[in-house]
Structures are given as structure tokens and as C-alpha cells.
Amino acid sequence: MQAAATRPAAIQRLRRSDRLNATPHLRGDDDTCLLDALPIAAAIIERSGKNCLRVAAHNSRFVDAVDKSNCTALDWNEAECLKTGPIAGLLQGFFDGSDTTGELDFKQGEGVSTTFFRIKLAPLPKSDAGRVRCLLSVVDRTVEVQAERTLRAEMLRDSLTGLPNRLAFSEAVETAGEAATEDLQHAVLVVDMLRFSRINESMGSLAGDELLITFARRLILALRAGDVLARTGGNEFGILVSLRRGVEDALKAAERIQQVMATPFKLSELEIRVECAIGVALMHTGQDAEELFRNAQFAVKQAKAVGRPQVYEPRQATEARRRFSIETELRRALDKDQLKLFYQPLINLKSGKVAGFEALARWNHEDRGEISPTEFIPVAEESGLILHLGRWAMDRATRTLADWDKRTKQKLPLYVGVNLSAIQVARDDIAGMVEGALKSSGLTGDRLTLELTESAIVQDPIRATRVFDSLKALDTTVAMDDFGTGYSSLAYLQRLPIDVLKIDKSFVSGMMVDPDAVAIVRAVLSLAEALGMSTTAEGIETVELATTLATLGCASGQGFYFAKPLEADEALDYWKSRRR
């Protein structure tokens, strides 16, 4: 407590009023006793005029609090007090009813000696003289504020590395965005430590923690003054860098990071080379911090794919969001049976008759319109929905062919071809699915052709062999689709029980203008004949192509020259029209 000679005048007056035990502005002992019973520093303030605020009573704790706060705004004389200042404004507003909060925070001092107080007001009944009154309390919040600051500091710090965490990094990005100027821009880099899970699993979590700490220290070496480093995930770090020369500065930062990581890390007497993927996102005016960080994370995914730092491109993200949206809506469309199977005729090039149909999935979205299979099939494969889609197509195609038999009251001389995805071959019980579809529809296996792409066979030839053998056991026909595009070994053709080679349309469409394309098609036809296989040409769009392929010995073909993919009823009518 301050010495008497240096105390504010208000404190001396309040101390004097305590000694006298009665001053002209006190109501009496009742108020004083009431205030003394309170465990907080309190005083009764009354308004005797429009701008006249007086201390009607107070307790000793109030005197101590005013003394400790050393707040000049609480200085008053014996007649009136608090004519100006924030506390006077708070009281006037409270009495007038314009401020119903009745609270005011203030602090005294600087640095470690700072103390924090809160003024609180509460209404009281009018005095005997009809004066409006309130209870004013002074609460010392110093301990509370310091605890809050300590807790917040802990909340914003990564306990392992001591770096700022994701929340603190987001706040730093927001602050940088507010301070950005035309000459000073910023970028966020996300650095992902590759193969960390393998190191963690093989060497233990303690070694993994040691690696993270060492990795963080090296990242610090790559920073410039003013850059902010944070640990934003398990093995993910975020860096906020300032830019003077645009994206060039950001890529330079990524280069420095790769340089400091080039030296192997030493863990438990082992030297480990750690690589990282770096994604960069440039900050734009008014951009949300979380959005900017997500953009950098998206760029990290691209960096992992190409093996070098990548800068976020909005177009790529838009495409990714569209793919995600398509995945969600495709799942809903499959559940609601909103997809359709269309059937493209396969024509015997020698007789001109319809030999069969290839079943093709089509999706007419109620809002987006027609969505191409080249867009939704890859999404289905990536998400695993291809298993659902493949089973649906198999069941629908076989039932459709059985329905045609029923409607025409005969076993039609037709087969239906259904495509199998490489994901299906790897994950699904293909033979069980096909057997179930045949039993459900009542068809025999010779009326079903299963088409697999060459790339699917190349990915896992051993599994492909087992699948092909099981399908042949059901008496189905097996075709290799898009032949010539998957770089398969000729040994596969000799070893696998393949019945049909489908020549990719990229070769067929160029036959009329490219002698090399003709040579390739001729070679495929000769190879198929030597191996006892049939051939089907895709993408026939002119009569010249149809005639040339028939002359070369191609067995069948499909393409817009004959017909586009048709709905089930139209396909049956097309078969009837070609039969005449």
C-alpha cells in the first residue's frame, strides 16, 4: 500500500471518513454494516442531481481496492465525484438506462506488474430521500487474467515441438492478411513428412517423436526473419512466409526446405533420409485463413503425385470438389436407381447382322444434365462405388436380355457384353457375381461376354488369370478391351483364356489417314487369328472403315456408323430392323 503522503486524494478522504465513522453523505450504519458483510470491495453510489454522483457508503475493502488500483478515474471530492471518465460514463449510462451491461474492465501498470480490475454495477432501491442508487464493486481479476493467458498460451502451443499449433497458425495467417499491402503479400506452405508412419511403426513412437523434433529444428533453419512455423498435424507443418517477389519467393522457401532436409537424419545409430512434400498457396485479399490452409494441403496432394513442390491452382481444386460432389450424388443415384443401361450394337461385319450389344452405363442428372461416363466411372473406381455400379450393371444387363427373350418368345441369337473394372477384379468375387446374375436371369453363360481392359490385366496378371479361369468355367466369353493401349506382354495373350480382342478406337479412327494405324490393326488381326481369337473393332464411324475392317478380316465392330448406344426398347427394335 502507498504511503499516506503519496496516496491519491480520494484514498485519504475515504480513510478519513472511516475514522470519523460518519460523514455528511452516508445514509447511516445500516448501509455500512451491509457493505462490511460483503466479501468484495463495494460502495453505494447515488445520484443527487443530473450529473452529481456521490459515494453514499463504502466498506474497507473498497478503500483498499481503490488504493491498489491507483485509478485516477475513481478520484472524487466530498461533494461530488466521477464527473468525467469511463467510470463516470458507465454510471451515468446505468442510471439513465442506456447501458444495461453495468461492467467495465480496466488495468493499471505495465508488464509483469500489470493489475486488472473489473467494475460491476447493480441496482439498489432508492434512498429515503428518493435518490437513485446502485452498488458499485471493484473486482481484482489479475490472477484470473494471468491464468487465462497461461491457459491460452498452452492452447496455442504444440506440446512436443514447442512450436505454435494449428489454431495459433490460423490466427497468425489472419493477422498477416489484415497487414497485407500491395508491396507485401504472404503465402502458406504446408510441409508433409513422407513415410513417417512407416518410421513410427518400425522404430517406435519415441523415435518418431525425436524425428519430429529434429525435423522441426531443421525447418527453422530454412526460415527467414518474420516467417512463422507451426506444427499443424501429426507429421505436417505449416509455414507463413512474406512475399516481395510473388510466387518466386514461396518457391525459394520450398527449395531451402528441401536443401536442409537433404542431409540424412540420425536416429538410434541409423541414418534415415526423410523426404517431404510441399504445397504452396498464395494469399488473396479477404481470404479466410482456413480456406488458404486447405488450399495448401490440396497442393501437397499434388506434390506427392508429381514429386516436387506444387503451387495451388484453383482450377484443380474446382475439379476435385466436383469429383467429390459427383461421388456423393452418384452414391445417392445408385441407391435410388437413377442410372440407366444403354446398349450399343455389335455388328457382324461379314453378314451385317447384330451379333450382340455392349451394355454402357449412362447418368442423366436431374440438375447437372448428362454426366459423361469418362467423368463418373473414374470417381466410382476411386471411391469404391464401382463395386455397387458393376453389380448393378451385371444384373440389369442379364435381366434385359432375358426380358427380350420373353417378349419375342424365343432365345435370341444375341449376347450382351458387360465391362469389368480393374477395381472389381481386385476386390470383388467376380465369378460369384456373374454366376448369381446368370441364375437370377435364367441365361446361359454363352450369352454373356465379360470385357476387361488391358491395363486391368497388366496390374495383377495372376489374379486376372484366376478370374478368367473361373469365368470360362461358367461358359462365358472373355474379351480384352482397348487392346494396344496397356503395353501388355504377348505372353499374357498366350497364357490367359481370352476369346476376343477389342481393337481400341484410337487405332481404328486413324486408319483412313495414317498408314501406321492400318499396319497396327493388320498386325492385331493377324495375332488374333494365330492365337485363335475373334476380333471386334471399336469406333467405326464411316462406311469406309467398316468396309476396310471387314476386308482385313475383322469379325465384328461397333460405332456411330451403325448406331449410338440405345435404350433397351430401342435396342430390341434395332435388332429387329437389322434382321430383315
| Hey, are Ser325 and Glu329 close enough side-chain-wise for a donor-acceptor pair under 3.5 Å? | yes
| task | List in chain and number order the residues that pass ring pair (Phe, Tyr, Trp, His ring centres under 6.0 Å) with Phe468, two or more places apart in sequence or in another chain; answer none if no residue qualifies. | result | none
| task | Answer yes if the side chains of Asp158 and Thr161 hold a donor-acceptor pair under 3.5 Å, and no otherwise. | result | yes
| message | Suppose we screen for side chain to side chain donor-acceptor pair (under 3.5 Å). Which residues come up paired with Glu382, at least two apart in sequence or across chains? | response | none
| query | How would you list, by chain and number, every residue that makes a salt bridge (charged side-chain N to carboxylate O under 4.0 Å, His left out) with Arg294, sequence neighbours excluded? | reply | none
| query | Is a side-chain donor-acceptor pair under 3.5 Å present for Glu275 with Gln258? | reply | no
| said: Taking Glu541 first and then Lys505, would you say they form a salt bridge - that is, a charged N and a carboxylate O separated by under 4.0 Å? | reply: no
| query | If you measure from the Lys or Arg side-chain nitrogens to the Asp or Glu carboxylate oxygens, is any gap between Arg399 and Asp403 under 4.0 Å? | reply | no
| request: Mind telling me whether Phe215 and Phe265 have parallel, tilted or perpendicular rings, with 30° and 60° as the class edges? | output: parallel
| Rounded distance [0.5 Å steps], OG in Ser421 versus CG in Leu452 | 9.0 Å
| query | With the threshold set at 4.0 Å, does a side-chain nitrogen-carboxylate oxygen contact exist between Arg332 and Glu327? | reply | no
| Which residues pass the side-chain contact (heavy atoms from CB on, under 4.5 Å) test with Glu370, sequence neighbours left out? | Arg362, Asn364
| query | ring-ring contact (aromatic ring centres under 6.0 Å, His included): which pairs involve residues 374-397, sequence neighbours left out? | reply | Trp363-Phe376
| Short N-O contact, Arg166 and Glu290, less than 4.0 angstrom | yes
| Sequence neighbours excluded - ring-ring contact (aromatic ring centres under 6.0 Å, His included) pairs with any residue from residues 324-356 | Tyr343-Trp404
